[in-house]
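Note: hydrogens, waters and symmetry copies are ignored here, and every other heavy atom, side chains too, is used.
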Amino acid sequence: MLEVIVLAAGEGRRMNSAYPKVLQPIGGRAMLLRLLSSVQRLDPDRIHVVVGAGAEHLERELAGSGCHLVTQTERLGTGHATAQVLPHVGAASRLLILPGDMPLVRPSTLASLLELDADLSIVSFMADDPTGYGRILRGDDGRVNTIREEKDATDEERTVREVNSGVLAARADHLSAWLEQIDRDNAQGEYYLTDCIALAAAEGRSVQASIAEAAEELLGANDRSQLAQLEQVFQRRARRALLEAGATLAAPETVQLRGEVEVGRDVFIDANVTLIGQVTLGDGVTIGAGCVVEGARLAAGTCLKPYCVVEGAVTEGPCTLGPFARIRPGTRLAAGVKIGNFVETKNARFSSGAKASHLSYIGDAEVGAEANIGAGTITCNYDGANKHRTEIGPGAFIGSNSALVAPVRIGERAVVGAGSVI
């Protein structure tokens with residue numbers, strides 16, 4: 001039985017935030033949620049999250065997640081935090097313990113740790129600059145003897161480059177016995193979970209370290225500068241995934257990804273594009289420079305010209321948007337639709353071939369096939385209390401500077417003269 005303990009009780013004062021450290025975003029999503037996504041890939045029997053500072057925010061964020069929340073009222077170190085969970089786990093359970101601010105760890109790295117045949121196993125990595133990390137100290141036989149925290153290390157021990165990631169696995173009953181023996185006799189006056197390594201080694205237990213190939217996936221963040229470093233790593237990974245999936249990025253370093261993006265083949269993304277939330281881009285989609293796409297599905301062949309903002313919209317076939325179009329939630333565009341410059345749509349459906357080429361607002365509307373909406377046209381969908389729908393029939397022609405006051409229906413192939421109020 002595998003149970004996971006995530007240590008998320010830290011206040012993160014150096015973040016200077018009203019929210020707990022683990023809720024700071026990486027790639028548009030809280031660090032803790034990204035970590036949990038990786039952990040869930042291991043199919044654990046239960047996930048426990050230790051909360052403390054800002055617990056109300058964590059409770060709200062994790063509502064419905066199935067995680068078991070345990071409160072650490074006094075924050076006396078990682079060993080103390082882990083001990084708060086032990087009464088809630090099975091004695092024979094295998095425990096995987098992780099810090100909550102490790103959003104980039106890969107499921108494969110955690111799986112490799114769990115495959116080790118050891119009484120206690122940890123994930124370590126080789127740091128170019130080990131400052132701030134606990135050092136992995138090995139004996140002459142190469143086995144792990146102990147972990148020395150930075151503030152307690154000697155000058156010689158501080159030169160060691162192999163460092164502790166904070167990820168540990170052990171049986172619950174063994175860990176419980178070791179935690180009962182640790183004390184707070186150290187520079188920080190805390191109960192260190194890492195003290196269990198020396199106790200296990202002293203008992204002759206098998207202690208092993210799985211050295212991660214990529215140190216960057218084990219990085220945490222204690223301040224906004226480190227958070228920015230994590231963001232850079234996430235962005236590099238996300239861009240690489242798009243390139244491998246068949247997308248071309250004209251200026252990769254300028255593309256920002258803040259969600260989960262799925263791309264087809266031969267997608268082209270120009271410079272300074274931001275993709276947010278769940279975004280799906282079909283084969284051959286083109287996104288021009290400066291566009292922002294959030295929570296949208298763009299069908300194969302769709303073309304976004306520069307500086308469009310598309311949010312919560314769906315294209316159902318090849319169509320052309322922009323430049324400078326704003327496509328708001330609830331918009332559905334069929335094949336052949338053209339939405340031009342400085343056109344805003346909201347909760348509107350355009351059938352095949354319909355056009356609104358410039359300077360219009362079309363909201364709460366149904367636009368028929370091949371209808372043409374002239375420049376400056378607006379649907380007056382709000383009467384101050386309620387919103388109403390506008391229906392524009394197939395083939396209808398709406399002249400420039402017209403105001404369609406909903407609820408209203410323009411019939412098939414009807415012509416509305418320029419400057420009309422209907």
Side-chain angles (χ1 to χ4, degrees), residues 25-31 33-35 37-38 41 103-109 213-214 216-217 219 228-329 331-341 345 350:
I26 292 295
R29 193 178 182 198
M31 287 196 285
L33 298 185
R34 290 205 172 276
L35 171 65
S37 291
S38 293
R41 296 276 295 276
L104 304 178
V105 65
R106 300 176 191 272
S108 58
T109 298
E213 294 181 4
E216 64 184 21
E217 71 176 290
L219 299 177
Q229 293 173 12
L230 288 183
E231 183 70 31
Q232 290 177 344
V233 175
F234 173 85
Q235 293 298 331
R236 286 198 300 270
R237 276 193 189 178
R239 292 170 192 141
R240 189 183 307 121
L242 290 189
L243 294 168
E244 291 172 352
T248 294
L249 308 184
E253 69 281 359
T254 70
V255 175
Q256 291 293 306
L257 304 167
R258 300 175 189 163
E260 308 301 326
V261 181
E262 180 181 343
V263 298
R265 295 180 298 177
D266 301 314
V267 168
F268 177 82
I269 301 174
D270 212 330
N272 298 309
V273 168
T274 301
L275 305 176
I276 304 171
Q278 296 289 330
V279 174
T280 302
L281 307 177
D283 293 347
V285 165
T286 298
I287 301 181
C291 289
V292 178
V293 181
E294 180 174 0
R297 299 199 311 272
L298 304 183
T302 297
C303 175
L304 268 61
K305 293 186 177 180
Y307 303 106
C308 292
V309 177
V310 179
E311 179 185 1
V314 175
T315 66
E316 299 171 343
C319 50
T320 303
L321 312 180
F324 297 100
R326 185 183 181 197
I327 313 300
R328 292 171 59 191
T331 298
R332 299 186 71 91
L333 308 176
V337 167
K338 179 181 179 183
I339 303 293
N341 50 286
T345 69
F350 284 68

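For the pair Phe234 and Leu257, the tightest heavy-atom approach, listed with the atom from each and the gap, is CE2-O, 3.3 Å. Considering all non-hydrogen atoms of both residues, Cys319 and Ala334 come closest at CB-O, 3.9 Å. Annotation for Gly317 and Thr302: closest pair O-OG1, 3.5 Å, computed over non-hydrogen atoms. Nearest heavy atom pair, residue Ala271 against residue Thr254, reads CA-OG1, 3.4 Å.
Residue Val293 forms a side chain to side chain contact (heavy atoms under 4.5 Å, CB included) with just one option from Thr280, Leu275, Val261, and that option is Leu275. Test Val233, Leu230, Leu33 against Ile26 for side chain to side chain contact (heavy atoms under 4.5 Å, CB included) and you get one pass: Leu230.
Counting non-hydrogen atoms of neighbouring residues, nucleotides and ligands closer than 6.0 angstrom, the CD atom of Glu253 exceeds 12 such neighbours. Enclosure of atom CZ in Phe324 by more than 12 non-hydrogen atoms of other residues, nucleotides or ligands within 6.0 angstrom is indicated.
Once rounded to the nearest 0.5 Å, the distance linking OG of Ser38 with CD of Glu217 reads 8.5 Å. Once rounded to the nearest 0.5 Å, the distance linking OG1 of Thr345 with CZ of Phe350 reads 6.0 Å. For the atom pair SG of Cys291 and CD1 of Ile287, the computed distance is 6.5 Å after rounding to the nearest 0.5 Å. Remark: Thr286 OG1 to Asp270 CG distance equals 9.5 Å, nearest 0.5 Å. Atom CD of Gln232 sits about 11.0 Å away from atom CD of Glu216, to the nearest 0.5 Å.
Using a 4.5 Å cut-off on side-chain heavy atoms (C-beta onward), Ile269 and Leu281 make contact. Side-chain atoms of Glu262 and Arg297, non-hydrogen and from C-beta on, never get closer than 4.5 Å to each other. In this structure, Leu104 and Leu219 have side chains that are not in contact, with every pair of non-hydrogen atoms separated by 4.5 Å or more. Looking only at side-chain heavy atoms (C-beta outward), Val285 and Thr315 stay at 4.5 Å or farther from each other. Side-chain atoms of Leu333 and Leu321, non-hydrogen and from C-beta on, do get closer than 4.5 Å to each other.
Ion pairing between Arg237 and Glu244 fails under the 4.0 Å rule for side-chain N and carboxylate O.
Although no hydrogens or angles enter the test, the distance criterion places a donor-acceptor pair under 3.5 Å between the side chain of Arg239 and the main chain of Pro252. In this structure, Asp283 contributes its side chain and Arg265 its backbone to a donor-acceptor pair below 3.5 Å. Panel note: side chain Thr248, backbone Phe268; no donor-acceptor pair is recorded below 3.5 Å. Judged purely by atom type and a 3.5 angstrom limit, Arg106 has no side-chain atom pairing as donor or acceptor with the backbone of Ala214. Within the 3.5 Å criterion, the main-chain N or O of Ala313 finds no donor-acceptor partner in the side chain of Thr331. At distances below 3.5 Å, not a single donor-acceptor pair connects side-chain atoms of Glu294 with backbone N or O atoms of Val310. Listed for the Gln278 side chain is no donor-acceptor partner under 3.5 Å among the backbone atoms of Gly259.
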